[in-house]
Amino acid sequence: MKETPLSNCERRFLLRAIEERKRLDGRQTYDYRNIKITFGTDYGCCVVELGKTRVLGQVSCELVSPKLNRATEGILFFNLELSQMAAPAFEPGRQSDLLVKLNRLLERCLRNSKCIDTESLCVVAGEKVWQIRVDLHLLNHDGNIIDAASIAAIVALCHFRRPDVSVQGNEVTLYTPEERDPVPLSIHHMPVCVSFAFFQQGTFLLVDPSEREERVMDGLLVIAMNKHREICTIQSSGGIMLLNEQVLRCSKIAGVKVAEITELIQKALENDRKARKEGGKFGFAESIANQRITAFKMEKALVDTSDVEEKAEEIIAEAEPPPEVVSNPVLWTPGTAQIGEGIENSWGDLEDSEKEDEDEGGSDEAIVVGSVRADAGIEACSVGSQDAPIVLSDSEEEEMIILEPDTNPKKIRTQTVSAKQGKAPSKQPVKRRKKKRIAN
Amino acid sequence: MQTESKIRAEYGTDSGPRGPGCSLRHFACEQNLLSRPDGSASFLQGDTSVLAGVYGPAEVKVSKEIFNKATLEVILRPKIGLPGVAEKSRERLIRNTCEAVVLGALHPRTSITIVLQVISDAGSLLACCLNAACMALVDAGVPMRALFCGITCVLDSDGTLVLDPTAKQEKEARAVLTFALDSVDQKLLMSTTKGLYSDAELQQCLAAAQAASQHVFHFYRESLQRRYSKS
C-alpha cells in the first residue's frame with residue numbers, strides 16, 4: 001500500500017504552526033512525548049512507547065565461533081525491522097533506504113560506542129564466544145523511530161540475562177536457568193539517541209519530531225549521548241547546513257534529555273527487578289491498563305469437559321464405520337500388479353460417447369460389450385441415477401469397494417460373483433449405459 | 001464412563017502445573033492500541049501474547065487483485081530472526097480460516113492485510129494468533145459472517161486432555177491439536193494436528209474445544225460490550 005501523500009495545505013499549515021512556535025500535539029519546542037517502558041516475561045524483552053511510536057525489543061544469545069581477527073571478543077548484532085504493522089508503506093522483506101540508515105545508526109550508537117563489554121562475552125578464546133542478537137520491531141510509526149529504537153535496544157540489553165557457563169579444561173558447560181541464575185551483560189554506559197528536526201533551512205528546531213513533522217522537515221540531526229555527556233554518534237542528514245553554535249546548542253539540549261531518559265530507564269528496570277524478586281506479577285499482561293475502555297481481562301476459566309467422552313462416543317457411534325478396504329494385490333502378469341479396483345478412467349469418456357452418437361447402432365464394439373456383459377452375468381449395482389457409476393469386477397476378492405469421489409455420496413459395495421465364464425470383462429461401463437439407452 | 005473422566009480430571013489437577021487440566025489461562029485483550037493500522041488488537045493468553053494489526057479494505061497491487069472479492073493477506077512475524085517455513089505455514093492456516101469468515105465479496109478488488117507480531121510465546125501460539133486476528137478484524141470493522149477463535153489442546157502420554165497448554169505441556173505432549181471454530185454453531189473452520197491420536201481422542205478434543213470456545217466467545221462479547229459502552 002502506498003503512503004498517503006501530504007497535501008499542500010497540510011504542509012503549509014504545519015510549517016506556519018512551527019513558525020508560530022506551536023506544535024499540533026501541544027508540546028513545547030524541546031519537549032519529548034511520553035515514554036513508557038514495559039517488560040515481557042522473558043529476559044531481554046521490552047516494549048518502548050514514545051508517544052504513539054512503539055518498538056518491541058528482544059535480545060537473544062547463542063554460542064558461536066568468533067571472528068578470525070577478533071578471537072577474544074563476543075559478537076553484537078542489531079536488526080531493526082520495519083514491520084508493515086507500523087505503517088502501510090513499509091513492505092515486508094525489503095531493505096529500504098530508511099531501514100539501512102536506521103540500522104547503521106543503531107550500530108554506530110550501540111556497537112561502536114563500546115557500551116557493551118564484548119570481551120566479557122568470550123568463553124574460550126578463538127573457539128567459543130557469545131553472539132548477542134538484538135531484534136527490534138517497529139510496531140507503530142508515529143515519527144522519531146531512531147530514538148525509540150535506541151531506547152528499546154539499550155533497555156533490552158540491560159534487562160537481558162544470558163545463561164551461565166563454566167569452562168573446565170576444554171569442556172564448556174552451559175547451565176539452565178534452574179541450575180544457576182543467568183548473568184546480566186556488563187554494560188559500561190547507556191547511549192541514547194536524541195533527534196532534532198530543522199525547518200526553514202535551520203531557522204526552527206524541534207526535539208522529538210512526530211511523523212507529520214518529519215514529513216515537512218528540511219534536515220535531521222541525531223546525537224547519541226550517554227548520561228556523562230559523552231557524544232557517541234552524531235549524524236546530520238537531509239542536506240542542511242548547520243552553524244557551529246546550532247550544533248553546540250543541540251548537544252546541550254541532548255545532554256539534558258539523555259539524563260532524563262536514562263533516569264526513566266533505570267527506574268523502569270528497578271521496578272521490574274523488584275517485581276521479579278518479590279515474586280509478584282510481571283509481564284505484558286500487567287501493563288495493560290484495566291481502566292481503559294478498550295482493554296478487558298478475564299481470569300482463568302474452568303471448562304467443563306466431563307461430557308466430552310460421551311459426546312465423542314456419540315459422534316463415533318453415529319458415524320458410518322470406516323469401510324474395510326481389502327487390498328490384496330492382484331497379479332495380472334509377472335511384473336504388473338493391481339491393488340483394489342481403482343476408479344474408472346474418465347479421460348476418454350467424452351470423446352467415446354460423442355463417437356457413439358455419431359454412429360448410432362453401427363458400433364459393433366459396443367454391441368459386443370453388451371452381449372459380453374449379459375453372458376458374464378455379473379451383478380452390478382443398479383443404475384440409480386443417470387450419473388451413477390457402474391463398476392465391474394472380476395477379481396477373486398469377496399468384497400470390493402469403489403470410492404467414487406463426487407457423483408455418489410454413498411459408498412457402493414458390489415458383491416462380485418466370481419466370473420467363472422472366464423471371458424474378458426468389460427471395461428467400458430459408460431459405453432454400456434449408452435447402449436442401453438439406445439436399445440430402449 | 002462418567003467416573004473415569006472424573007478420575008482423569010482429578011489426575012490433571014495433580015499433574016498440571018497450573019491447576020486443573022481443563023481450564024483456560026487468564027485472557028486479556030486490548031483493542032485499538034496502534035494508531036496507524038485500521039484495526040489492531042493485542043491478545044494475551046497466559047504469558048503468550050500476540051499483537052495484530054489490520055489494514056483494509058485498501059488499495060491492492062494489480063498483480064494480487066481478485067476481480068470479485070477482496071485479497072486477504074496474512075503476515076506473521078516471529079520475535080527473533082526472520083520468518084521461516086513454520087511462520088509461512090501458520091500464515092496459510094490463519095489466512096484460510098479468515099477467508100472462511102470474512103465477507104470478501106463485499107469489497108471486490110481491495111486488499112485486507114493482517115499483520116501479526118509474536119510478542120511472547122508461552123504455548124498455544126497459533127490459537128492466540130487466531131484470536132488476535134479475529135479481534136483486530138472486529139476492530140477494523142471488516143464484515144464477517146461469524147467470529148472465530150482458536151483453541152489448542154494437547155493429549156498427554158496417558159491420554160489426559162489439557163486445554164490451552166503452556167509451552168512445557170506442548171513439548172511433553174503426545175499430540176497437539178489446534179482447532180479454529182466459528183461463533184455461530186461452533187463448526188470447525190480449520191484444524192491442524194501434530195502427533196499420534198485415535199479417532200475417539202480427536203472427537204474428544206473437538207468436543208472439549210467446542211466447550212472452551214464458548215468461554216472465548218463469551219470473553220469476546222464482554223470485551224466488545226465494554227468497548228462500546230459509554231463508561
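Every chain is numbered from 1 and lettered A, B, ... according to where its sequence line falls, protein lines coming before strand lines.
- Between chain A and the residues B:Asp139, B:Asp199, B:Ile119, B:Leu202, the most heavy-atom pairs under 4.5 angstrom are made by B:Ile119.
- Per-residue heavy-atom pair counts under 4.5 Å with chain B were compared for A:Gln58, A:Lys52, A:Lys311, and the maximum is reached by A:Gln58.
- The greatest number of non-hydrogen atom pairs below 4.5 Å with chain A, out of B:Ala200, B:Ser120, B:Ser49, is found for B:Ala200.
- Interface remark: A:His137 contributes side-chain atoms only to the contact with chain B (heavy atom separation under 4.5 Å).
- Side-chain atoms of A:Pro92 and B:Arg77, non-hydrogen and from C-beta on, do get closer than 4.5 Å to each other.
- Contacts of B:Val118 with chain A are made by backbone atoms alone, with heavy-atom separations under 4.5 Å and no side-chain atom involved.
- When heavy atoms are compared at a cutoff of 4.5 Å, A:Glu81 approaches chain B solely by way of its side chain, counted from C-beta outward.
- Highest contact tally toward chain B, considering only A:Leu56, A:Val308, A:Asp142, is held by A:Val308 [criterion: heavy-atom pairs under 4.5 Å].
- Chain A forms the most heavy-atom pairs under 4.5 Å with one residue out of B:Asn32, B:Ile80, B:Asp47, and that residue is B:Ile80.
- Of the two parts of B:Ile75, only the side chain, counted from C-beta on, holds a non-hydrogen atom closer than 4.5 Å to a non-hydrogen atom of chain A.
- Neither the backbone nor the side chain of A:Glu314 comes within contact range of chain B; no heavy atom of the residue lies under 4.5 Å from a heavy atom of that chain.
- Listed options A:Cys45, A:Ala312, A:Gly40, A:Ser83 were ranked by heavy-atom pairs under 4.5 angstrom with chain B; first place goes to A:Ala312.
- Looking at B:Tyr55, only its side chain comes within 4.5 Å of chain A, counting heavy atoms on both sides.
- Taking A:Asp42, A:Asn79, A:Leu139 one by one and counting their heavy-atom pairs under 4.5 Å with chain B, the maximum is reached by A:Leu139.
- Heavy-atom pairs under 4.5 Å with chain A were tallied for B:His215, B:Lys79, B:Glu59; the largest tally goes to B:Lys79.
- By the 4.5 Å heavy-atom criterion applied to side chains, B:Arg36 and A:Glu211 are counted as neighbours.
- Here the straight-line distance linking atom CG of B:Leu206 with atom CD1 of A:Ile315 works out to 6.5 Å at 0.5 Å rounding.
- Only the backbone of B:Leu116 comes within contact range of chain A, judged by heavy atoms closer than 4.5 Å.
- Within 6.0 Å of CZ in B:Arg109 there are 12 or fewer heavy atoms belonging to other residues, nucleotides or ligands.
- Once rounded to the nearest 0.5 Å, the distance linking CD1 of A:Ile316 with CD of B:Gln204 reads 7.5 Å.
- Note: A:Pro88 leads A:Ser60, A:Pro88, A:Ala319 in heavy-atom pairs under 4.5 Å with chain B.
- For B:Ser40, no part lies near chain A; criterion is any non-hydrogen pair under 4.5 Å.
- With values rounded to the nearest 0.5 angstrom, A:Lys300 atom NZ is found 9.0 Å from B:His26 atom NE2.
- Shown here is A:Asn34, whose CG atom has no more than 12 heavy atoms of other residues, nucleotides or ligands within 6.0 Å.
- Looking at every heavy atom in both residues, A:Gln84 comes nearest to B:Thr113 through OE1-CG2, 3.6 Å.
- Proximity to chain A (any heavy atom under 4.5 Å) is restricted, for B:Leu44, to the side chain, taken from C-beta onward.
- Rounding to the nearest 0.5 Å places CZ of B:Arg227 at 14.0 Å from CZ of A:Phe296.
- In terms of heavy-atom pairs under 4.5 Å with chain A, the best-connected choice from B:Gln214, B:Lys61, B:Glu201, B:Gln31 is B:Gln31.
- Using a 4.5 Å cut-off between heavy atoms, B:Ala41 does not touch chain A at all.
- Distance check, rounded to the nearest 0.5 Å: CG of B:Leu34 to NE2 of A:His141 gives 13.5 Å.
- Shortest non-hydrogen contact noted between B:Ser35 and A:Asn140 is OG-ND2, 2.9 Å.
- Atom NZ of A:Lys297 is separated from atom CD of B:Glu222 by 15.0 Å, given to the nearest 0.5 angstrom.
- Heavy-atom distances place no part of B:Ile114 under 4.5 Å from chain A, backbone and side chain included.
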